[in-house]
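First up is the structure itself, then whatever we jot down about it.
Excluded from the calculations below are hydrogen atoms, water molecules and symmetry mates; all remaining heavy atoms, backbone and side chain alike, are included. Keep in mind that this is a model prediction, so the values were computed, not measured. For the single chain, residues carry numbers from 1 onward in sequence order.
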Amino acid sequence: MSDVPMLKYVVLGPGDLDDLMTLLAKHYFSRENTYMSVGVTSATRRDEEDIKQCLESGVSVGSREQTTGRLVGVALSYIITSNSSWYTDEAKCSTQAEVTMARILNTTKSRVDLFQDPTVKQVLYMDIFCVHPDYGRQGVCKKLVQKCHDLGEERECQMAAGVMTSLYSQKLCSDLGYEDCATFHLNTVKETLLDLSTLNTTKFKIMTKYLSTKYKFTYK
């Protein structure tokens, strides 16, 4: 382990877009279950808009090698409120594959009202996790997510939430204290583009975590 470069953790901003897209192009879009299910292997126009929103939010975190500055891990998030939507706008999708992905995610999200608890005014939406394979199984992603939580709590978010689409992200969030709020089974989707044969799970989960012990609510 001594030959593994030391990492520094930084808040990401718009200036990190190029490095971020390079990392995601190589190690995220071709491996993420939503994209794999419809045969998409690269960023869409809608993805680029969402990623820019994350970078502008001030609550996304990256890990860079201290010696080279190479970006090797990210946890992208942004803040939503009861007055803003976390649903994907199908009108902004330019291909049928994008529409299919949007419908799957929106159907999953519809299972839970994040603001059912009246004490929740702001939610830290966890959008994308990605770590370079060189740094896999070293706790990098866990630390990135925890740092996003810290930033979210500083911004007065009461809860963190996300649609977890892989066994890895589901286990990671479970280990961090997230709770399962709803599960959506992809094998119930009647979309001609959908191919489930290459996925590591067909269960997408909405998972949530209160960011402070003073908040607690049980979903009904």
- request: Before giving the answer on side-chain contact (heavy atoms from CB on, under 4.5 Å), spell out for Glu48 and Met21 the whole-Å C-alpha distance, their side-chain angles and the decisive distance to 0.1 Å.
  value: CA-CA 9 Å; Glu48 293 175 356; Met21 296 306 294; 4.1 Å; yes
- prompt: Out of curiosity, Ile206 CD1 to Leu105 CG, how far, rounded to the nearest 0.5 Å?
  reply: 10.0 Å
message: Could you check whether any side-chain N or O of Ser63 sits under 3.5 Å from a backbone N or O of Gly73, counting only pairs where one atom can act as donor and the other as acceptor?
response: yes
message: Donor-acceptor pair, distance only, cut-off 3.5 Å: does the side chain of Glu90 make one with the backbone of Thr88?
response: no
Contact list for residues 43-68, test ring-ring contact (aromatic ring centres under 6.0 Å, His included), sequence neighbours left out: none
field: Lys/Arg-Asp/Glu bridge criterion (N-O < 4.0 Å) met for Asp180, Lys203
entry: no
query: Is a side-chain donor or acceptor of Glu98 paired with a backbone partner of Thr44 at a separation under 3.5 angstrom?
result: no
- request: Please round to the nearest 0.5 Å and tell me the distance separating atom CG of Leu144 and atom NZ of Lys147.
  value: 8.5 Å
message: Quick check against the 3.5 Å criterion: does Gln158 have a side-chain atom that pairs as donor or acceptor with the backbone of Gln122?
response: yes
message: I'd like to know if the side chain of Thr107 and the backbone of Arg103 have a donor-acceptor N/O pair within less than 3.5 Å.
response: yes
field: CD (Glu49) with more than 12 external heavy atoms under 6.0 Å
entry: yes
field: Separation of Arg46 CZ from Lys92 NZ (nearest 0.5 Å)
entry: 10.0 Å
Side chain Ser57, main chain Ser77, donor-acceptor under 3.5 Å: yes
message: Please check: side-chain N/O of Lys121 versus main-chain N/O of Pro118, any donor-acceptor pairing under 3.5 Å?
response: yes
statement: Taking every heavy atom of Leu211 against every heavy atom of Glu153, the minimum-distance pair comes out as O-OE1, 2.9 Å
